[in-house]
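The next block holds one structure in the form of structure tokens; read it before the comments.
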Amino acid sequence: MRLLTGLSIALTTFAAYTAAFDVNCNTNYASYYGQNSARNQKTLGEYCKDAVEDVIVLAFMNGFPNILLNFANACETTFEGSTLLHCPNMAKDIKYCQSQGKAVILSMGGASGAYGFSGDSDAVAFADTVWNMFFKGNSDKRPFDDAVLDGIDLDIEGGSGAGYPAFINQLRSHYASDPSKNYYIAAAPQCPYPDSYLGSTLNSAWFDMVYVQFYNNFCGLNAYPNWFNFGDWDNWAKTNAINKNVKVYIGAPGSPSAASSGYVDGATLTSIYNAVRSKYSSLGGIMTWDVSQARTSGLAESIRAALDAGGTCKHGGGGEPTSTTISSTSTASSTSSVPYSTTSISTTTTSGSSEPTSTSHTDCPTSGAPCTGNQQGCNGNQFALCSGGKWYLGSCVSGTTCILNNGQAICDWPNGRSTDTCEISGSSSLQKRLDFAKVSLITQPKLRPKPVNVQSSLPARVEFVAGDISGEKYSMVVKIQANKKAFSGKWSIGFTLPDGQTVDSTSRGEASVDNNTVTIKSNPLNEEAKNMAAIFKVTGTFKDSYNLPDTNSAVFISY
């Protein structure tokens, strides 16, 4: 009763607000809609009856260039003779949301999907398709009928980076053909900088907004202030971004169950927002995954109140950002301490500096030993930074290990990698960063998901995503996604655990273990009658290195 009462007060408070979305504000609130992760998702129009969110991001177009849309329980109808979703009710809601001053954009990608471009020509052609199907162009099949979206978001968490700059450039050329309204390009990278999948695209294409996912990673909101790295993204916005006015958002989980790690309560998030606003002028506001989680937990209303109380639409947060770059003039009280602000693990290097090549890869960086230029390195779970010709070492947060990512030393979960690392930038070929997820296979050439083993007529796929790893305890997120039809509230999934692992709990349903085989059964009383996705957390223990289960062992049953 208290939660409902508080919600009704918040809705009354914000009901009169109808100002149009202004991309230049630092008080904007964006939230993802469509995946029903809290299992109580309302219609899009219901969330637009008040002024809590400024931007609604529709999730997802999780297949392209062969288009596959998934909006969970928000839309389940298709064009006749086609697998393409046709969503007339969402179309009406989109226009209603826009009439209330909100921007509605479509997210391409997601953690589970079959997507990617073969090259620039493929990407350019698809930009034309997107313009015709979702914006002011013409197509015989438009999922949202005559509704015209306000932009595109790239949430790329797999595949290659080929073609995305060409896609954006072509889409922006279409944007320019319609001066009657503002159109936007957004992205949702993960917080480790640079992003593994979007790093080069972010440096070579125009973006209006970047929703950095400060969760499910060492640099999440729960690691504030020591490892939280908004400063890296502010530096990117000012030095490497094509659009020097790009706005960077603090991406947050909408509730404890919305992410494996990174959730903070409203008071903590408000404090972090105010601190970031006071330092970094690139701040655009806050993003949450997703709207159903944030509305259910009450975090959404807390965010709205914090933004309205602390920010301003006249200008961004004042003051110059604190630099995290190591310079030769830095000093330290001893060779064992790191002479820089610990607001982030990964540090920025001086623009235009060349990569040093003098140190041998076989020599692990040790505190006080000689180094060259702006080198960075790893020594087990310690990261090393070169300053004034000497190495300075710092320890990674518990459970993580140091890896080199594009020449930068960052701390990350091992995910089966060796923790006995010894690397120095510029002296060896860097290994490609390992994926943090396992998904069911993709078939070619149609780029359609290959179903997991199913014992019903309903094709589905499964994904395992690594979460927190501390000592011998782990958490992982399990994602089940139906490809064409919604499944009932009575379902189960089974899979084989790697040797040495146990399952102790699950946040959804009930788990049982027989030798290495895990079975998780839903509780129909807590499920929606129909759903296109089930997302939940599993915790347990492991020995030695942690590994994700093999998706080939997964069996999904919908009764």
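The chain is numbered in sequence order, starting from 1. Just so it is clear, the structure is predicted and the values come from calculations on it, not from any experiment. All values below were derived from every heavy atom in this structure, side-chain atoms included, with hydrogens, water molecules and symmetry-related copies excluded.
- Shortest non-hydrogen contact noted between Cys48 and Ile56 is SG-CG1, 4.5 Å.
- The minimum heavy-atom distance linking Ala147 with Ala91 is given by the pair CB-O, 3.8 Å.
- Note: Ser292 OG to Tyr32 OH = 14.0 Å, rounded to the nearest 0.5 Å.
- Using a 30° and 60° split on the angle between ring planes, Phe71 and Phe144 fall in the tilted class, from 30° to 60°.
- Not a single donor-acceptor pair under 3.5 Å links the side chain of Arg508 to the backbone N or O of Asn523.
- Here the CD atom belonging to Gln190 is positioned 5.5 Å from the CD atom belonging to Gln213, to the nearest 0.5 angstrom.
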Task: Asn40 vs Thr296, side chain to side chain donor-acceptor pair (under 3.5 Å): CA-CA, chis, key distance, verdict - done: CA-CA 8 Å; Asn40 60 1; Thr296 301; 2.9 Å; yes
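- Side-chain contact between Pro253 and Thr288 is absent, with no heavy atoms from C-beta onward closer than 4.5 Å.
- Between Asp146 and Lys95 there is a salt bridge, since at least one side-chain N of the basic residue sits less than 4.0 Å from a carboxylate O of the acidic one.
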Open item on the list: For Thr43 and Asn89: C-alpha separation, side-chain torsions, deciding distance, then whether side chain to side chain contact (heavy atoms under 4.5 Å, CB included) applies.
Closed with: CA-CA 9 Å; Thr43 65; Asn89 290 332; over 6 Å; no
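- Side-chain contact between Leu58 and Met90: present, with at least one pair of heavy atoms (C-beta onward) separated by less than 4.5 Å.
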Name the atoms and distances for all side-chain donor-acceptor pairs under 3.5 Å in residues 122-131, with sequence neighbours left out.
from   : atom 1 : to     : atom 2 : distance (Å)
Asp122 : OD2    : Ser118 : N      : 3.1
Asp122 : OD2    : Ser118 : OG     : 3.4
Asp128 : OD1    : Gln170 : NE2    : 2.8
Asp128 : OD1    : His174 : NE2    : 2.7
Thr129 : OG1    : Ala125 : O      : 3.3

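- Residues Tyr184 and Tyr175 place their aromatic rings such that the two centres sit no closer than 6.0 Å.
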TODO: Kindly determine whether Tyr29 and Tyr249 satisfy ring pair (Phe, Tyr, Trp, His ring centres under 6.0 Å), including the steps that lead there.
DONE: CA-CA 9 Å; Tyr29 177 25; Tyr249 286 57; 9.3 Å; no
TODO: Apply the test side chain to side chain contact (heavy atoms under 4.5 Å, CB included) to residues Leu283 and Ile250: give CA-CA distance (whole Å), side-chain angles for both, the deciding distance (0.1 Å), then the verdict.
DONE: CA-CA 8 Å; Leu283 178 66; Ile250 301 171; 4.0 Å; yes
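- Using modelled atom types and a 3.5 Å distance limit, the side chains of Asp153 and Ser107 yield a donor-acceptor pair.
- Not a single donor-acceptor pair under 3.5 Å links the side chain of Ser522 to the backbone N or O of Ser492.
- For the residue pair Gln293/Ser257, the side-chain donor-acceptor check at 3.5 Å is satisfied.
- For the atom pair CD of Glu510 and NZ of Lys521, the computed distance is 9.5 Å after rounding to the nearest 0.5 Å.
- Proximity of a side-chain donor or acceptor of Asn222 to a complementary backbone N or O of Ser261 within less than 3.5 Å is not detected.
- Residue pairs meeting the salt bridge (charged side-chain N to carboxylate O under 4.0 Å, His left out) criterion with at least one member in residues 160-187, sequence neighbours excluded: Lys136-Asp178, Asp150-Lys181.
- Contact annotation: the side chain of Leu69 approaches that of Pro143 to within less than 4.5 Å [non-hydrogen atoms, C-beta and beyond].
- Put simply, the side chain of Phe135 reaches to within 4.5 Å of the side chain of Ile152, judged on heavy atoms.
- In this structure, the ring of Trp233 has its center no less than 6.0 angstrom from the ring center of Phe207.
- Between Asn229 and Pro192 the shortest heavy-atom distance is ND2-CA, 4.3 Å.
- Each of Phe117, Phe64, Tyr115 was scored for a ring-ring contact (aromatic ring centres under 6.0 Å, His included) with Phe167, with one residue passing: Phe117.
- Relative orientation of the Phe556 and Trp491 rings is tilted, given thresholds of 30° and 60° on the angle between their planes.
- Below 30°, between 30° and 60°, or above 60°: for Tyr47 and Tyr33 the angle between ring planes is above 60°, a perpendicular geometry.
- With contacts defined as side-chain heavy-atom distances shorter than 4.5 Å, the pair Tyr211/Met209 qualifies.
- In this structure the side chain of Trp236 reaches within 4.5 angstrom of the side chain of Val246, judged on heavy atoms.
- Only one option out of Tyr273, Tyr280, Tyr193 pairs with Phe230 in a ring-ring contact (aromatic ring centres under 6.0 Å, His included); it is Tyr280.
- In this structure, Asp550 contributes its side chain and Ser553 its backbone to no donor-acceptor pair below 3.5 Å.
- Counting heavy atoms from C-beta outward, Leu149 and Ile105 have side chains that stay 4.5 Å or more apart.
- A donor-acceptor pair is defined here as one N or O able to donate and one able to accept, closer than 3.5 Å; such a pair exists between the side chain of Thr77 and the backbone of His86.
- One finds the CG atom of Asp22 at 7.0 Å from the CG atom of Asn28 (value rounded to the nearest 0.5 Å).
- Between the side chain of Ser488 and the backbone N or O of Tyr559, at least one donor-acceptor pair lies under 3.5 Å.
- Panel note: side chain Asn216, backbone Ala259; no donor-acceptor pair is recorded below 3.5 Å.
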- [ ] Would you please test Gln35 and Asn70 for side chain to side chain contact (heavy atoms under 4.5 Å, CB included) and show each step?
- [x] CA-CA 8 Å; Gln35 290 301 289; Asn70 186 322; 3.4 Å; yes
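- Here the side chains of Met476 and Pro549 are in contact, with some heavy-atom distance below 4.5 Å.
- Residues Ala300 and Val52 come closest through the heavy atom pair O-CG1, 3.6 Å.
- Side-chain atoms of Ser31 and Glu53 form no donor-acceptor pair, as typed in the model, at a separation below 3.5 Å.
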Open item on the list: Determine whether Arg304 and Asp54 satisfy the following criterion, salt bridge (charged side-chain N to carboxylate O under 4.0 Å, His left out), listing intermediate values before the conclusion.
Closed with: CA-CA 10 Å; Arg304 183 73 269 160; Asp54 300 292; 2.7 Å; yes
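- Scanning all heavy atoms of the two residues, the minimum distance from Gly251 to Leu221 falls at O-CD1, 3.8 Å.
- In this structure a side-chain-to-backbone donor-acceptor pair under 3.5 Å is present from Asn169 to Pro165.
- Taking NZ of Lys479 as the start and CD1 of Ile493 as the end, the distance is 13.5 Å to the nearest 0.5 Å.
- Ionic pairing of Arg295 and Asp290 is not present here: no N-O contact between side-chain nitrogen and carboxylate oxygen is shorter than 4.0 angstrom.
- With rounding to the nearest 0.5 angstrom, the OH atom of Tyr197 is 8.5 Å from the CD atom of Glu157.
- At distances below 3.5 Å, at least one donor-acceptor pair connects side-chain atoms of Asp208 with backbone N or O atoms of Ile185.
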- [ ] Kindly indicate, with the supporting measurements, whether the criterion side chain to side chain contact (heavy atoms under 4.5 Å, CB included) is fulfilled by Lys238 and Ser282.
- [x] CA-CA 8 Å; Lys238 291 178 171 60; Ser282 67; 4.1 Å; yes
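- Of the possible polar contacts, one joining the Thr78 side chain to the Ser82 backbone as a donor-acceptor pair under 3.5 Å is found.
- What you find for Ala103 and Phe21 is that their closest heavy atoms are CB-CD2, 3.8 Å.
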